[in-house]
Amino acid sequence: MITIVDYGVGNPGALVNMLEFIGYEARITNQPSAILEASHLLLPGVGAFDAAMQRLRDSNLIPALESAALVRKTPLLGVCLGMQLLGRGSEEGSSAGLGWVPAASVRMRPDSALKLKVPFMGWADIEAMPNAKLFAGEGQFRFYFTHSYRMECDHAGDVAATYQFDQPVVCSVQHDNIYGVQFHPEKSHRFGMALLRNFVERAAG
């Protein structure tokens, strides 16, 4: 069962709708037992880093998530802020992140001469790494973004995809069975459908 974690942050319903539209059964849960039974997990997130981490801690779901992702090796996909929560922390706040991906998030600070707006809101083509399972088979991918902070990975091997802003910005990570995307697949039409299909079909391999 594909399971979207509900801890009061994000829009899990939109992810369920897209997964069901492409033919997969999915559910939303705030129960540890359902997380431990999941075949795949999605961790959505929007808003501020510290507030999201506090909601996740208050949900008492972190032990079940750790058991599923780190012990059972259940494929897990962090979406938007959910990707940033996978790292050590963020310049946006002072809370520690989950620490499952060796990375941290920093504010996007483009040179003013470039006239780039932060937060970045809009569509961007991405460049996927050759071994990136989430982006297999489609050719060119294009996704919808809205974010002010970007993830910096300690190891280049954890970077699954980038897009060009003032510099290449990490927009997807792949660390063992743990994946993350900075963009919104549920708002990215056929590209989002292809990515979610790859997560279901390829992430466990």
Side-chain angles (χ1 to χ4, degrees), residues 3-12 15 30 32 35 41-111 116-121 124 126 129 132 134 143 145-185 199 203:
T3 300
I4 294 92
V5 180
D6 180 12
Y7 60 108
V9 176
N11 184 11
L15 289 166
N30 59 5
I35 288 172
L41 289 164
L42 286 87
L43 181 68
V46 295
F49 187 94
D50 281 7
M53 277 304 306
Q54 187 62 53
R55 292 293 293 268
L56 191 55
R57 285 191 294 269
D58 291 345
S59 74
N60 295 316
L61 296 177
I62 292 178
L65 286 167
E66 288 182 337
S67 180
L70 303 184
V71 179
R72 301 187 182 200
K73 299 297 182 181
T74 304
L76 181 142
L77 175 63
V79 178
C80 196
L81 179 62
M83 180 177 99
Q84 296 180 15
L85 300 182
L86 301 175
R88 289 186 301 273
S90 173
E91 284 186 350
E92 186 179 15
S94 57
S95 291
L98 293 168
W100 300 346
V101 176
S105 295
V106 299
R107 183 163 178 83
M108 298 164 71
R109 297 183 177 89
D111 189 310
L116 296 171
K117 293 183 178 180
V118 176
F120 169 60
M121 300 177 65
I126 65 101
M129 302 301 111
L134 296 182
F143 294 102
F145 291 79
T146 173
H147 68 123
S148 301
Y149 292 81
R150 59 181 178 85
M151 183 174 272
E152 290 186 343
C153 294
D154 295 356
H155 309 296
D158 290 331
V159 177
T162 62
Y163 79 92
Q164 187 63 38
F165 191 58
D166 60 324
Q167 58 183 294
V169 172
V170 175
C171 63
S172 181
V173 295
Q174 175 180 317
H175 182 78
D176 298 328
N177 59 300
I178 297 172
Y179 301 80
V181 293
Q182 182 61 65
F183 46 80
H184 289 275
F199 174 64

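In this text the structure is predicted, and so the values were computed from the model without any measurement. Hydrogens, waters and symmetry mates play no part in the numbers below; they use all other heavy atoms, side chains included. Position 1 is the first residue of the sequence, and the numbers go up from there.
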| said: Before you tell me yes or no, could you show the steps for V169 and Q164 under side-chain contact (heavy atoms from CB on, under 4.5 Å), namely the whole-Å CA-CA distance, both residues' side-chain angles and the distance that decides it to 0.1 Å? | reply: CA-CA 6 Å; V169 172; Q164 187 63 38; over 6 Å; no
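- Residue pairs meeting the salt bridge (charged side-chain N to carboxylate O under 4.0 Å, His left out) criterion with at least one partner in residues 78-92, sequence neighbours excluded, are R88-D154, E91-R109.
- Every side-chain hydrogen bond (donor to acceptor under 3.5 Å, both in side chains) that D158 has, sequence neighbours left out, goes to H175.
- The distance from atom CE of M121 to atom OG of S148, rounded to the nearest 0.5 Å, is 9.0 Å.
- Inter-residue side-chain proximity for V181 and C171 is flagged as unmet; no heavy-atom pair is nearer than 4.5 Å.
- Panel note: side chain H155, backbone G157; no donor-acceptor pair is recorded below 3.5 Å.
- Taking 4.5 Å as the limit, every side-chain heavy atom of Q167 sits out of range of all side-chain heavy atoms of D111.
- Contact check for I4 versus P44: side-chain heavy atoms found under the 4.5 Å cut-off.
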| message | Between H184 and V46, is the side-chain contact (heavy atoms from CB on, under 4.5 Å) condition met? List the steps. | response | CA-CA 10 Å; H184 289 275; V46 295; 4.2 Å; yes
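- When every heavy atom of P110 is checked against every heavy atom of D166, the shortest pair comes out as CA-OD2, 3.5 Å.
- In this structure, the side chains of V170 and Q182 stay at 4.5 Å or more apart for every pair of heavy atoms.
- Contacts of F120 classified as ring-ring contact (aromatic ring centres under 6.0 Å, His included), with partners at least two apart in sequence or in another chain: F145, Y163, F165.
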Under 3.5 Å, side-chain donor or acceptor atoms of residues 48-55 against the rest of the protein: list the pairs with distances, not counting sequence neighbours.
from: D50; atom 1: OD1; to: S94; atom 2: N; distance (Å): 3.2
from: D50; atom 1: OD1; to: S95; atom 2: N; distance (Å): 3.0
from: D50; atom 1: OD1; to: S95; atom 2: OG; distance (Å): 3.3
from: D50; atom 1: OD2; to: S94; atom 2: N; distance (Å): 2.9
from: Q54; atom 1: OE1; to: R57; atom 2: NH2; distance (Å): 3.0
from: Q54; atom 1: NE2; to: D58; atom 2: OD1; distance (Å): 2.9

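- Looking at every heavy atom in both residues, A160 comes nearest to A132 through O-CB, 3.4 Å.
- A distance of 10.5 Å separates CD in E152 from OG in S90, rounded to the nearest 0.5 Å.
- Between N30 atom CG and T3 atom OG1 the span is 12.0 Å, to the nearest 0.5 Å.
- With contacts defined as side-chain heavy-atom distances shorter than 4.5 Å, the pair Q84/R150 does not qualify.
- Smallest separation of non-hydrogen atoms from Y179 and A203: OH-O, 3.3 Å.
- The side-chain heavy atoms of V5 and L43, taken from C-beta on, include a pair separated by under 4.5 Å.
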Less than 3.5 Å apart, which donor and acceptor atoms pair up between the side chains of residues 60-83 and the rest of the protein, not counting sequence neighbours?
from: R72; atom 1: NH1; to: L36; atom 2: O; distance (Å): 2.9
from: T74; atom 1: OG1; to: A68; atom 2: O; distance (Å): 3.2

Distance-only donor-acceptor hits, side chain of residues 97-107, under 3.5 Å, sequence neighbours excluded:
none

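- Residues F143 and I126 meet the side-chain proximity criterion, which asks for heavy atoms closer than 4.5 Å.
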